Amino acid sequence: MTAVNGAAGITTLPYVAWAEPQDERQIVVSTRLRLARNLTGKPFPNRLSDAEAEQLGREMAEALPQGEGWQVLRLDELLERERGVLLEKHLLSRDILQHTRGRLLAVNTAQTLAIMLNEEDHLRIQAILPGLQPEAAWRELSALDDQLAAKLDFAYDGRLGYLTACPSNLGTGLRASVMLHLSGLQLLGKLDGIFRQLAQAGFTVRGVYGEGSESRGGLFQISNQVTLGCSEEEIISRLRELVEEIITQEQQARDWLKTNRRDWLEDKIGRAVGVLAGAHLLTGKEAMEQISWVRLGVAMGLCDKIDWRELNLLMLSVQTPFLLTTAGRELAPQERDALRAKIARQYMAQ
Amino acid sequence: MLCDKCGKNPATVYYKQVINGELTEQHLCEECAGDLMNFGGLGSFGQLDLNKLFSGAVQQESGRRCPGCGMTFAEYNSGGRLGCSRCYQAFEAELRPVIQRFHGGKRHMGKVKLIRPGGGGSVFMNNPELANQNYERLALQKQLSELIELEKFEEAAKVRDKIRALDKAMQSAAAKAQSDQTGKAGDVR
Ligand SMILES: [Zn+2]
Ligand SMILES: [Zn+2]
């Protein structure tokens with residue numbers, strides 16, 4: 001086990017695999033799948049002492065497949081801003097940061113696979129890919145699960161499937177999520193109806209930044225809620241069906257805007273480009289709003305000042321943990337706004 | 001060491017069971033261990049009349065603790081997280097409505113954990129239904145042994161009934177698999 005904290009910029013640089021362009025429709029940002037697994041005969045992490053958690057974490061890290069270039073990070077040894085960076089990259093959950101002793105994160109070189117050790121469950125195995133790729137993510141995730149299962153004895157029951165600390169994750173232990181940019185539907189006020197339909201289908205929606213349909217940056221995450229009584233393939237194909245349907249509706253919303261509100265739309269996008277390229281003080285809230293307009297412009301072919309990938313990297317770079325990493329120190333609110341604006345100007349000038 | 005049951009193959013599986021407070025140990029080959037885990041495990045094991053065991057004392061518990069981690073159900077209710085995987089057995093009755101509410105009372109239909117009795121083999125690899133029932137049976141059998149050890153005969157009787165019902169289900173699932181197999185062979189011709 002190699003415990004090299006922060007090597008290759010995992011905890012410092014804004015680069016992450018899901019920032020890449022993948023789908024020419026440019027509505028889906030990323031797909032994330034995770035499996036919950038626990039070890040037979042061991043108390044769940046919430047019942048482990050720090051020493052026990054550390055010991056068990058080491059044992060589980062030994063089971064990582066060889067030759068994937070896994071980096072194992074001790075969360076209690078990271079700076080707060082480094083943990084924040086991992087959170088913004090979606091490699092980490094907020095929950096695991098509540099208590100960091102004995103908690104580890106293993107990440108592969110490509111930053112497409114990440115395993116949280118001793119989160120709510122002993123293992124939270126994740127695959128994160130750009131665009132809408134739930135099938136490919138499942139292939140990678142399931143293969144990693146098999147490799148780990150060859151060395152670790154996972155708690156399992158014939159009727160309940162994989163046993164988890166919270167009964168809401170029982171069975172497959174699979175949570176499949178897709179992050180989408182839905183600003184067209186948001187502008188037309190159609191999100192609440194879609195959210196209701198999704199809830200009826202057993203899926204949840206939440207804003208990635210901010211809450212509900214007020215989400216900043218127009219980004220939403222859709223995930224399955226039920227994990228028991230259906231196969232992984234069923235969960236994944238159901239998610240794809242629903243997401244494809246939402247993509248169609250988002251495209252219709254964008255078409256309507258283009259046909260009926262073109263001047264207004266181009267004005268908004270042009271002003272957003274102007275703010276990002278020229279502002280000297282930029283709050284986090286405003287940055288996310290302007291990035292959302294520019295994202296809409298890029299996806300609709302109404303803006304060529306920046307591309308999808310750079311926009312994703314910009315979005316990450318203006319989040320506070322990255323600002324603190326860039327500065328290498330704590331920053332007062334106004335200093336943050338100034339640095340955020342400077343980084344945005346640099347991205348827009350490229 | 002040769003298998004205690006057939007005396008032919010090398011023993012690779014250590015099989016331990018507590019019946020009526022008495023420890024029974026067997027060293028078995030993969031094949032015989034598979035049989036034992038598969039059908040009529042208890043029945044063919046010692047031809048015990050289990051009904052005799054279960055007429056015993058009634059124990060009413062409050063603040064019952066999971067034998068695996070020592071957690072009570074009240075603690076689960078306040079924290080929302082179970083203490084270990086054995087809590088699912090220990091608080092089966094209490095958890096049933098919780099699981100029903102989350103998932104609608106269905107059984108696991110996803111990936112099946114590979115079975116490794118004594119480290120090798122995959123008896124039910126091509127039959128997930130049987131594999132899962134087998135897992136259920138192993139868990140119930142373990143539960144039964146513990147309950148008998150603790151002389152909780154009334155609960156043990158319930159578990160024994162579950163095992164019997166499961167054996168029937170497994171037999172018909174196996175028969176179905178068998179006839180599907182012959183059906184397929186027939187199609188080829
Ligand atoms: Zn034998
Ligand atoms: Zn327990």
Side-chain angles (χ1 to χ4, degrees), chain A residues 35-48 52 95 119-122 125 138 141-143 145-174 176 202 224-236, chain B residues 37 66-71 75-89 91-92 94-116 119 124 128-143 162 166 169-170 173:
Chain A
L35 287 174
R37 297 287 186 260
N38 287 284
L39 303 177
T40 303
K42 306 279 184 191
F44 293 143
N46 69 70
R47 305 280 290 191
L48 293 173
E52 288 169 331
D95 283 350
E119 205 239 29
E120 179 181 307
D121 296 299
H122 290 135
I125 316 167
W138 172 242
L141 187 59
S142 185
D145 176 47
D146 289 344
Q147 287 175 307
L148 291 165
K151 295 191 179 163
L152 301 171
D153 184 15
F154 290 151
Y156 183 85
D157 174 88
R159 200 164 46 83
L160 299 175
Y162 290 93
L163 301 175
T164 50
C166 180
S168 63
N169 295 313
L170 271 177
T172 56
L174 174 67
N224 66 305
Q225 206 160 22
V226 173
T227 54
L228 177 67
C230 43
S231 71
E232 293 85 355
E233 285 79 9
E234 281 167 341
I235 293 171
I236 285 160
Chain B
M37 290 191 294
C66 165
C69 65
M71 198 173 193
E75 285 177 273
Y76 162 73
N77 266 337
S78 66
R81 303 286 177 272
L82 293 163
C84 75
S85 50
R86 288 178 71 187
C87 287
Y88 281 100
Q89 277 178 22
F91 307 119
E92 198 200 346
E94 295 92 330
L95 283 171
R96 198 176 302 129
V98 177
I99 295 168
Q100 169 89 31
R101 199 168 59 239
F102 272 128
H103 302 288
K106 292 182 225 116
R107 56 178 302 137
H108 180 53
M109 300 290 283
K111 231 176 145 170
V112 175
K113 183 185 169 183
L114 295 186
I115 293 179
R116 291 176 292 168
F124 306 113
E129 195 184 344
L130 265 183
N132 278 329
Q133 286 170 331
N134 187 53
Y135 264 110
E136 218 174 316
R137 199 183 193 292
L138 286 173
L140 287 171
Q141 215 157 334
K142 207 167 148 202
Q143 210 178 338
K162 278 189 208 165
L166 196 56
M170 287 177 78

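Order of the sequence lines sets the chain letters (A, B, ...), proteins ahead of strands, with each chain counted from 1. Values in this document were obtained by computation on a predicted structure and should not be read as measured data.
- Considering CZ of B:R81 and CD of A:E120, their distance stands at 3.5 Å, rounded to 0.5 Å.
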request  = In sequence, state the C-alpha distance, the side-chain angles, and the governing distance for A:D153 and B:K113, and then conclude on salt bridge (Lys or Arg N to Asp or Glu O under 4.0 Å).
outcome  = CA-CA 9 Å; A:D153 184 15; B:K113 183 185 169 183; 2.5 Å; yes
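- Residue B:K142 qualifies as open at atom NZ: its count of foreign heavy atoms under 6.0 Å is 12 or below.
- Looking at A:R47, its side chain does come within 3.5 Å of a backbone N or O of B:C69 through a donor-acceptor pair.
- Across A:T40, A:N38, A:L174, A:D145, the residue that shares the most heavy-atom pairs under 4.5 angstrom with chain B is A:D145.
- From B:R86, atom CZ reaches atom NZ of A:K42 across 13.5 Å, with rounding to the nearest 0.5 Å.
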Please output the side-chain donor-acceptor pairs of residues 158-168 of chain A that fall under 3.5 Å, not counting sequence neighbours, one pair per line with the distance.
| unit_1 | atom_1 | unit_2 | atom_2 | d |
| --- | --- | --- | --- | --- |
| A:R159 | NH2 | B:E92 | OE2 | 3.3 |
| A:T164 | OG1 | A:C166 | O | 2.8 |
| A:T164 | OG1 | A:L170 | N | 3.3 |

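- Between B:S85 and A:G41, the closest heavy-atom pair is OG-N, 4.2 Å.
- Between the CG atom in A:D157 and the NE2 atom in B:H108 there is a gap of 9.5 Å [rounded to 0.5 Å].
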request  = Output, in order, the C-alpha distance, side-chain angles, deciding distance and verdict of side chain to side chain contact (heavy atoms under 4.5 Å, CB included) for B:F102 and A:L228.
outcome  = CA-CA 9 Å; B:F102 272 128; A:L228 177 67; over 6 Å; no
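- In B:K111, the NZ atom is crowded: over 12 heavy atoms of neighbouring residues, nucleotides or ligands sit closer than 6.0 Å.
- Taken to the nearest 0.5 Å, the SG atom of B:C84 stands 12.0 Å off from the CG atom of A:L39.
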